[in-house]
Structure formats: C-alpha cells, structure tokens
Amino acid sequence: MTDTKNPPLTPELYAYVLDHNPPLDPVQRELVEITHARFGDAAGMQSAQEQGPLLAFLVRLLGARNIVEVGTFTGFSALSMAQALPAGGRLLACDISEEWTAVAREAWAKAGVDDRIDLRIAPALDTLRALPQEPAIDLVYLDADKENYVAYWEELVPRMRPGAVLAADNTLFHGRVADPAAGGAAGAIRRFNDHVAADSRVEALLLTVADGLTLARKR
C-alpha cells in the first residue's frame, strides 16, 4: 500500500501546526522577517519555521553539546540550536557567504548566543576534513549545496559518536526526487537518499517534514 495518510497542507492547516508548536521568540521572528525582506527568492533557503523548534528539541533530547551545521545562510537554524545548548556547548557553523552570515551574526549577538557559535567561512568540506577524527559530534544539521551531500555525509558520520543524529534537509527536493530521471540538485538528493538507505552505520528515516527531512542515528 502506498496511499498517504498525510492531509493536504493548506495555509490554514500550516498555520494551525505553527500555532500548536513552540512559538518563535522575538529574535527568531525578526530574523525570519529580515531574511524574507532582504533576500527575496533566496529566502527560500531558510529552514522552515517549524524546523527551528524541532532542531532545538533534538538538541535537548540528545543532550547535545557538540553540534555541526553545514549551510548556515542567515542563521535561523543555528540560532535555534544554540539557544537549546547547555552551558559549555558549542556549534560549528559552516558557510561560504559573508553577506548572508553577517545577518546571522547580528541575530546571534542579539540573542546572546554568539559565544556558543564558531562560524567558519570556507568551503565546508575543507572545514570538515580539518576536524579531529575521533567520534565526538552529537548532532549534525546538513542544509547546504545538495551536490556535496554524500561527500559531507562521509566526512561527518565517522566523526559522530554512537547515538548521535544527523538531520539532512530538503531530502524530498520539492517532490522531484521521485523522478528516476531527475538531474541537478534533485538527482544529487536521490543519490544521497539511496546512499543513506544503504549505509549500515546508521538507522535512518525520511520524513515528510517541510521539504523532506532525513533523520539518521549512528549505531
């Protein structure tokens, strides 16, 4: 059976979902609004509003103290996770844009979490390959260039402790992953999804959250 139980996500139903999830705080709300006002269509790269509380929930659930984010944009997801970190926790944020992350830095400072975030402006693969080899990462959020998802995965999974979780965004890629002939970023996500499903180092779920969210737990 392949019939879905998911109801159509109408604007009214989406508003209902947001109303019954933890609300965004004033800094988070302002960051969402600034991103949409300043960056137009590019604002679609920002994680969905419901993903902020979800990521914070994962931080608390795992007791995460060592987080890696690949793809930071204007900093909404990093802000959400950093706010949930315990004292002494750290988040390594990887991005290549000074323009986008300048907005992130302002929001992090306003929220009082900038001291918990280590932002590296460089190709993420270079940053990840320079990390220690020992498995010490508690939580990963992967939301960067889709063509490199498999390469990021292969750098990150060995560095995750047993029980750590990797959350990968956009793994339905606007529904285009269902097309066997998909190319470009959609084709890259198809290859990533197959790679994850075949990786015995993890147990993984592909969820219909936002544009698709994969949660993978290291065995």
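Numbers here simply count residues along the sequence, with the first being 1. Because only heavy atoms are used, hydrogens play no part in the values below, and waters and symmetry mates are left out as well, while side chains stay in.
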Non-neighbouring partners of Phe173 that pass ring-ring contact (aromatic ring centres under 6.0 Å, His included), sequence neighbours left out: none

Atom CD1 of Ile96: over 12 foreign heavy atoms under 6.0 Å: no

Non-neighbouring partners of Glu155 that pass salt bridge (charged side-chain N to carboxylate O under 4.0 Å, His left out), sequence neighbours left out: Arg129, Arg159

Sequence neighbours excluded, every pair satisfying salt bridge (charged side-chain N to carboxylate O under 4.0 Å, His left out) that has a member inside residues 91-100: none

Arg116 side-chain N/O to Ala82 backbone N/O, donor-acceptor pair under 3.5 Å: yes

Set of side-chain hydrogen bond (donor to acceptor under 3.5 Å, both in side chains) partners for Glu33, sequence neighbours left out: none

Rounded distance [0.5 Å steps], CD in Glu30 versus CD1 in Ile34: 4.0 Å

Sidechain-backbone polar pair: Thr10 side chain, Leu13 backbone, donor-acceptor under 3.5 Å: yes

Residues Val103, Arg38; criterion side chain to side chain contact (heavy atoms under 4.5 Å, CB included); working and verdict: CA-CA 10 Å; Val103 177; Arg38 191 175 300 180; 3.4 Å; yes

Verify same cluster id: Val196, Val209 (apolar side-chain graph, 4.5 Å): no

Identify every side-chain donor-acceptor pair in residues 62-69 under 3.5 Å, counting partners at least two apart or on other chains, and give the distances.
| from | atom 1 | to | atom 2 | distance (Å) |
| --- | --- | --- | --- | --- |
| Arg65 | NH1 | Ala87 | O | 3.3 |
| Arg65 | NH2 | Ala87 | O | 3.1 |
| Asn66 | ND2 | Ala136 | O | 3.0 |
| Glu69 | OE1 | Thr72 | OG1 | 2.7 |
| Glu69 | OE2 | Ser77 | OG | 2.5 |
| Glu69 | OE2 | Ala78 | N | 3.3 |

For Arg191, side-chain hydrogen bond (donor to acceptor under 3.5 Å, both in side chains) partners two or more places apart: none

Shortest non-hydrogen contact from Tyr149 toward Leu142: OH-O, 3.2 Å

Same cluster (ILVMFWY, side-chain, under 4.5 Å), Leu166 and Leu131: yes

Straight-line distance of Thr171 OG1 to Arg190 CZ, nearest 0.5 Å: 13.0 Å

Under the salt bridge (charged side-chain N to carboxylate O under 4.0 Å, His left out) test, residues paired with Glu154 that sit two or more places apart: Arg201

side-chain hydrogen bond (donor to acceptor under 3.5 Å, both in side chains) pairs, two or more places apart, involving residues 119-128: Asp118-Arg120

Joint cluster assignment, Leu206 & Leu156, ILVMFWY side-chain distance < 4.5 Å: yes

More than 12 heavy atoms from other groups under 6.0 Å of CG on Asn6: yes

Flag, side chain of Asp211 to backbone of His174, donor-acceptor distance under 3.5 Å: yes

Which atom pairs, one a donor and one an acceptor, fall under 3.5 Å between side chains of residues 47-57 and the rest of the protein, sequence neighbours left out?
| from | atom 1 | to | atom 2 | distance (Å) |
| --- | --- | --- | --- | --- |
| Ser47 | OG | Tyr141 | OH | 2.7 |
| Gln49 | OE1 | Arg29 | NH1 | 3.1 |
| Gln49 | OE1 | Arg29 | NH2 | 3.2 |
| Glu50 | OE1 | Tyr14 | OH | 2.6 |
| Gln51 | OE1 | Ala48 | N | 2.8 |
| Gln51 | NE2 | Asp169 | OD1 | 3.0 |

Taking every non-hydrogen atom, the tightest pair across Gly75 and Trp108: O-NE1, 3.2 Å

Nearest non-hydrogen partners of Val177 and Asn193, listed with the distance: CG1-ND2, 4.2 Å

Non-neighbouring partners of Asp143 that pass salt bridge (charged side-chain N to carboxylate O under 4.0 Å, His left out), sequence neighbours left out: Lys146

Main-chain N/O of Asp25 paired to Gln28 side chain as donor or acceptor, under 3.5 Å: yes

Chi angles and distances behind the side chain to side chain contact (heavy atoms under 4.5 Å, CB included) call for Tyr152, Leu125: CA-CA 7 Å; Tyr152 296 141; Leu125 280 174; 3.6 Å; yes

Heavy-atom pair with the smallest gap, counting every atom of Val70 and Ala124: CG1-CB, 3.7 Å

Side chain to side chain contact (heavy atoms under 4.5 Å, CB included) between His20 and Tyr16, intermediate numbers included: CA-CA 6 Å; His20 287 78; Tyr16 181 88; 3.2 Å; yes

Any residue meeting side-chain hydrogen bond (donor to acceptor under 3.5 Å, both in side chains) with Arg161, in chain and number order, not counting sequence neighbours: Asp138

Distance-minimising heavy-atom pair for Met160 and Ala216: CE-O, 4.3 Å

Common cluster, Leu24/Phe73, ILVMFWY with side-chain heavy-atom separation under 4.5 Å: yes

Joint cluster assignment, Leu213 & Val157, ILVMFWY side-chain distance < 4.5 Å: no

Stepwise side chain to side chain contact (heavy atoms under 4.5 Å, CB included) check, Thr214 with Leu205: CA-CA 6 Å; Thr214 292; Leu205 297 170; over 6 Å; no

Which atom of Ile121 lies closest to which atom of Ser97, heavy atoms considered: CD1-O, 3.9 Å

Identified side chain to side chain contact (heavy atoms under 4.5 Å, CB included) counterpart of Leu91 within the set Leu79, Ile117, Leu139, Leu119: Ile117

Residues which pass side-chain hydrogen bond (donor to acceptor under 3.5 Å, both in side chains) with Asn148, listed by chain and number, not counting sequence neighbours: Asp145

